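Let me begin by presenting the structure, written as structure tokens, before commenting on it.
Quick caveat: nothing in here was measured; it's all calculated off a predicted structure.
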Amino acid sequence: MPITHVIDHVQRRMETIAEGPITWADLVAHWEAEVAEGGAGYPELIVGVRATVQFTPDNVRHLVERLRLAAQQGPLGPTAVVVQTELGFGMLRMLGMLVEPFCAIVPFHDRAAAEVWLAAHLPPSRTQGLSPP
């Protein structure tokens, strides 16, 4: 699978790696695994510097609806996504704007900046021990 993740239930945090072409099916599979493993409410760092977008703006709108429904069940954790391509950045920026009323998804070109943003969006008791690798 082009998207793999590790959930740390002790630190209540997720780290995800996306590599290669990322399709709609990959996005759905990742989201379903995240929910099934109890990570949807955790802050997530997605590193997709070696990924390419193979999904459409229409797929993004469908993802927004899935996230909206999930947010009705409980809060969703903030998500920082590190990408290299402008297409990926643009698609994630669009996603971030559409989900803004109920969750935070922000694209970055730089992992350190993504880590700083993610740490700033954690509850104060959870920011200890977070530092850019």
Requested in this report: Go through the structure and list residues passing side chain to side chain contact (heavy atoms under 4.5 Å, CB included) with Arg50, not counting sequence neighbours.
Outcome: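 Scan of Arg50 (side chain to side chain contact (heavy atoms under 4.5 Å, CB included), adjacent residues dropped) gives Glu19.
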Do Leu87 and Leu95 sit in the same hydrophobic cluster, where Ile, Leu, Val, Met, Phe, Trp and Tyr count as joined when their side-chain heavy atoms come under 4.5 Å apart?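 As far as the 4.5 Å side-chain criterion goes, Leu95 and Leu87 are connected within one cluster.
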Margin query: Under 4.5 Å between side-chain heavy atoms, counting indirect links through other Ile/Leu/Val/Met/Phe/Trp/Tyr residues: same cluster for Val64 and Val35 or not?
Written below: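 The answer is yes; both residues are in one hydrophobic cluster.
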Taking C-beta and beyond as the side chain, do [X] and [Y] meet within less than 4.5 Å on heavy atoms?
| X | Y | result |
| --- | --- | --- |
| Val53 | Val83 | no |
| Asp8 | Glu15 | no |
| His30 | Ile22 | no |
| Phe102 | Leu69 | no |

Taking all atoms of both residues into account, what is the closest heavy-atom pair of [X] and [Y], and its distance?
| X | Y | result |
| --- | --- | --- |
| Thr23 | Phe55 | C-CB, 4.3 Å |
| Pro21 | Pro2 | O-CG, 3.8 Å |
| Ala114 | Val82 | CB-CG2, 3.6 Å |
| Leu98 | Arg61 | CD1-CG, 4.4 Å |
| Pro107 | Phe89 | O-CE1, 3.5 Å |
| Ala18 | Ala51 | O-CB, 3.5 Å |

Check the pair Arg13 / Leu118 against side-chain contact (heavy atoms from CB on, under 4.5 Å), numbers first and verdict last. CA-CA 10 Å; Arg13 181 179 161 104; Leu118 200 56; 3.6 Å; yes
In Å and rounded to the nearest 0.5 Å, what is the [atom1] to [atom2] distance from [X] to [Y]?
| X | Y | atom1 | atom2 | answer |
| --- | --- | --- | --- | --- |
| Arg93 | Phe108 | CZ | CZ | 10.0 Å |
| Leu45 | Trp117 | CG | CH2 | 10.5 Å |
| Met91 | Asn59 | CE | CG | 7.0 Å |

Glu115 with Arg111: basic N within carboxylate O range, under 4.0 Å =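 The answer is yes: the pair qualifies as a salt bridge.
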Check the pair Leu76, Val99 against side-chain contact (heavy atoms from CB on, under 4.5 Å), reporting the backbone distance first and the verdict last. CA-CA 11 Å; Leu76 302 177; Val99 300; over 6 Å; no
I would like to know whether Met14 and Ile46 meet side-chain contact (heavy atoms from CB on, under 4.5 Å); could you show each step before the answer? CA-CA 8 Å; Met14 283 186 65; Ile46 300 174; over 6 Å; no
Inset, instruction - Measure up the His62 and Trp24 rings against each other and bin them: parallel (under 30°), tilted (30 to 60°), perpendicular (over 60°). - result: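 Judged by the thresholds at 30° and 60°, the geometry between His62 and Trp24 is tilted.
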Intermediate values then yes/no, side-chain contact (heavy atoms from CB on, under 4.5 Å), His9 and Tyr42: CA-CA 9 Å; His9 290 289; Tyr42 295 169; 2.8 Å; yes
Which is it for His5 and Glu44 under the side-chain hydrogen bond (donor to acceptor under 3.5 Å, both in side chains) test, yes or no, and what are the steps along the way? CA-CA 9 Å; His5 66 269; Glu44 181 178 13; over 6 Å; no
Donor-acceptor pair, side chain of His109 and main chain of Glu86, under 3.5 angstrom:
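Side chain of His109 to backbone of Glu86, a donor-acceptor pair under 3.5 Å: no, none is there.
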